[in-house]
Amino acid sequence: MSDNSNWYVVHTYSGYEKKVAATIEKAVENLRLHDYIFDVSVPTEEVTEITEVNKKKVVERKLFPGYVLVKMILTDQSWHAVRNTRGVTGFVGPGGKPIPLTDAEVSALGVEKREIVVPYKEGDSVTIADGPLQSFIGIVEEIDFDKNIVRVVVSMFGRETPVELELDQVEPI
């Protein structure tokens with residue numbers, strides 16, 4: 001069932017995002033909507049602030065004040081449960097009609113973490129399968145799953161040269 005679900009943006013009173021998210025989650029429990037509403041998220045980021053006395057303080061800041069993201073299958077019952085939550089002013093979309101986020105928007109927001117598995121690890125010998133250095137052989141120096149990048153050290157013209165590639169541009173030998 002969750003394959004048919006989408007992420008929707010819900011507009012709330014500013015400052016009530018976490019309260020609204022908790023209330024929606026409680027409504028899912030009480031109304032037994034586990035098959036329709038799967039996840040509720042308030043996107044945040046950690047920011048380091050420097051106070052007046054030169055002390056660093058890590059603060060959690062909302063990326064989109066006044067908005068909550070809900071992953072759900074849109075039915076009359078699920079729409080009603082979310083829309084009638086105290087603090088919710090409506091769904092984001094033309095005329096309040098919910099419009100789902102695209103996969104690209106969801107991945108850009110970092111709301112849904114997808115596990116990436118690659119058949120190589122740091123220190124492995126690999127072949128570059130795509131791009132201008134296609135068929136070059138190198139050694140994996142670093143893998144950054146967050147940025148979808150692998151750094152490979154390739155020998156070019158007798159010199160070791162680090163090259164950054166996308167994870168799918170490299171194949172194990």
Side-chain angles (χ1 to χ4, degrees), residues 1-53 55-122 140 142-151 164-170 172:
M1 282 293 269
S2 66
D3 293 343
N4 300 331
S5 64
N6 290 303
W7 284 96
Y8 294 90
V9 181
V10 178
H11 191 267
T12 67
Y13 296 128
S14 188
Y16 286 82
E17 299 88 356
K18 288 188 178 186
K19 176 85 171 141
V20 166
T23 306
I24 291 172
E25 288 170 350
K26 193 179 290 184
V28 169
E29 293 290 325
N30 294 339
L31 299 173
R32 296 181 181 92
L33 294 174
H34 302 286
D35 293 338
Y36 300 103
I37 300 176
F38 304 101
D39 197 3
V40 181
S41 176
V42 179
T44 58
E45 66 181 346
E46 286 188 357
V47 178
T48 304
E49 292 182 349
I50 300 175
T51 60
E52 305 161 1
V53 216
K55 290 186 178 179
K56 290 183 179 180
K57 180 177 159 186
V58 177
V59 178
E60 190 175 70
R61 185 176 293 157
K62 294 177 192 87
L63 289 175
F64 308 106
Y67 295 96
V68 173
L69 303 176
V70 181
K71 184 175 187 175
M72 63 187 223
I73 297 173
L74 191 62
T75 64
D76 289 342
Q77 191 177 10
S78 63
W79 178 88
H80 188 67
V82 173
R83 179 62 185 92
N84 290 330
T85 299
R86 181 183 210 121
V88 171
T89 59
F91 282 91
V92 172
K97 180 181 181 290
I99 301 294
L101 294 173
T102 64
D103 291 338
E105 290 169 330
V106 170
S107 103
L109 292 174
V111 177
E112 227 172 33
K113 299 289 184 201
R114 290 194 171 93
E115 187 175 325
I116 301 171
V117 179
V118 291
Y120 50 84
K121 61 186 183 308
E122 290 180 11
V140 177
E142 180 184 351
I143 301 173
D144 189 344
F145 291 106
D146 294 333
K147 295 180 181 175
N148 193 37
I149 290 177
V150 59
R151 181 176 293 136
E164 286 190 353
L165 303 161
E166 291 185 12
L167 293 174
D168 61 349
Q169 288 183 294
V170 176

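Quick note: residue numbers are just sequence positions, from 1. These numbers come from a predicted model, not from an experiment.
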Exercise for review: Determine whether Val150 and Tyr120 make a side-chain contact, defined as any pair of heavy atoms from C-beta on separated by less than 4.5 Å.
Suggested key: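 Answer yes - side chains close enough.
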
Point to revise | Closest non-hydrogen atom pair between Thr44 and Lys62, with its separation | key: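 Looks like CG2-CA, 4.1 Å.
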
Check your understanding: What distance do Asn148 atom CG and Leu165 atom CG have between them, rounded to the nearest 0.5 Å?
Key ->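 Result: 11.0 Å between the selected atoms.
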
Exercise for review: For Glu142, enumerate each residue passing the salt bridge (Lys or Arg N to Asp or Glu O under 4.0 Å) test, keeping only those at least two apart in sequence or located in another chain.
Suggested key: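 Testing Glu142 for salt bridge (Lys or Arg N to Asp or Glu O under 4.0 Å), a comparison that skips the adjacent residues, returns Arg151.
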
Exercise for review: Check salt bridge (Lys or Arg N to Asp or Glu O under 4.0 Å) between Lys121 and all other residues, then give those that pass, not counting sequence neighbours.
Suggested key: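 Salt bridge (Lys or Arg N to Asp or Glu O under 4.0 Å) list for Lys121, sorted by chain: Asp124.
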
Point to revise | Flag side-chain contact, heavy atom, 4.5 Å: Pro98 against Pro100 | key: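 Side chain of Pro98 against side chain of Pro100, heavy atoms only: no contact under 4.5 Å found.
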
Review point. Looking only at heavy atoms, what is the nearest atom pair of Val92 and Tyr67, with distance?
Key: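 Answer, listing the atom of Val92 first, then Tyr67: CG2-CE2, 3.6 Å.
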
Review point. When rounded to the nearest 0.5 angstrom, what is the spacing between CD1 in Ile149 and CD in Gln169?
Key: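 Result: 10.0 Å between the selected atoms.
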
Review point. Where do Leu101 and Leu69 come nearest, in terms of heavy atoms and distance?
Key: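 Of all heavy-atom pairs spanning Leu101 and Leu69, the closest is CD1-CD2, 4.1 Å.
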
Exercise for review: Could you pull out all residues at least two apart from Arg61 that satisfy salt bridge (Lys or Arg N to Asp or Glu O under 4.0 Å)?
Suggested key: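 Result, salt bridge (Lys or Arg N to Asp or Glu O under 4.0 Å) vs Arg61: Glu49.
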
Review point. Shortest non-hydrogen contact from Val10 to Phe91?
Key: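 Closest approach of Val10 to Phe91: CG2-CE2, 3.8 Å.
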
**Study point:** Closest non-hydrogen atom pair between Tyr36 and Gln77, with its separation
**Key:**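 The answer is CE1-OE1, 4.5 Å.
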
Check your understanding: Just wondering, more than 12 heavy atoms not from Glu45 lying within 6.0 Å of its CD?
Key ->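 Yes, because the 6.0 Å sphere around CD of Glu45 holds more than 12 heavy atoms from other groups.
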
Practice item. Kindly give the heavy-atom pair with the smallest separation between Gly93 and Ile99, and that separation in Å. Key: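 Scanning both residues, the minimum pair turns out to be CA-CG1, 3.9 Å.
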
Point to revise | side chain to side chain donor-acceptor pair (under 3.5 Å) contacts touching residues 78-90 (sequence neighbours left out) | key: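 Checked against side chain to side chain donor-acceptor pair (under 3.5 Å) - neighbours excluded - the pairs reaching residues 78-90 are His11-Thr89, Thr75-Ser78, His80-Asn84.
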
**Study point:** Within-4.5 Å side-chain heavy-atom neighbours: Leu74 and Asn6
**Key:**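 No - every pair of side-chain heavy atoms lies 4.5 Å or more apart.
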
Check your understanding: What residues form a side chain to side chain contact (heavy atoms under 4.5 Å, CB included) with Asp168, not counting sequence neighbours?
Key ->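 Testing Asp168 for side chain to side chain contact (heavy atoms under 4.5 Å, CB included), a comparison that skips the adjacent residues, returns Glu166.
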
Exercise for review: Could you check if a side-chain atom of Val28 sits within less than 4.5 angstrom of a side-chain atom of Phe38, using non-hydrogen atoms only?
Suggested key: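 No, too far: nothing below the 4.5 Å cut-off.
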
Could you give the side-chain donor-acceptor pairs of residues 17-27 under 3.5 Å, partners two or more places apart or in another chain?
from	atom 1	to	atom 2	distance (Å)
Glu17	OE1	Gly15	N	3.2
Glu17	OE2	Gly15	N	3.3
Glu17	OE2	Gly66	N	2.4
Lys18	NZ	Glu60	OE1	2.9
Thr23	OG1	Lys19	O	2.7

Check your understanding: Measuring from Ser14:OG to Phe64:CZ, what's the distance to the nearest 0.5 Å?
Key ->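 Reported value, rounded in 0.5 Å steps: 13.5 Å.
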
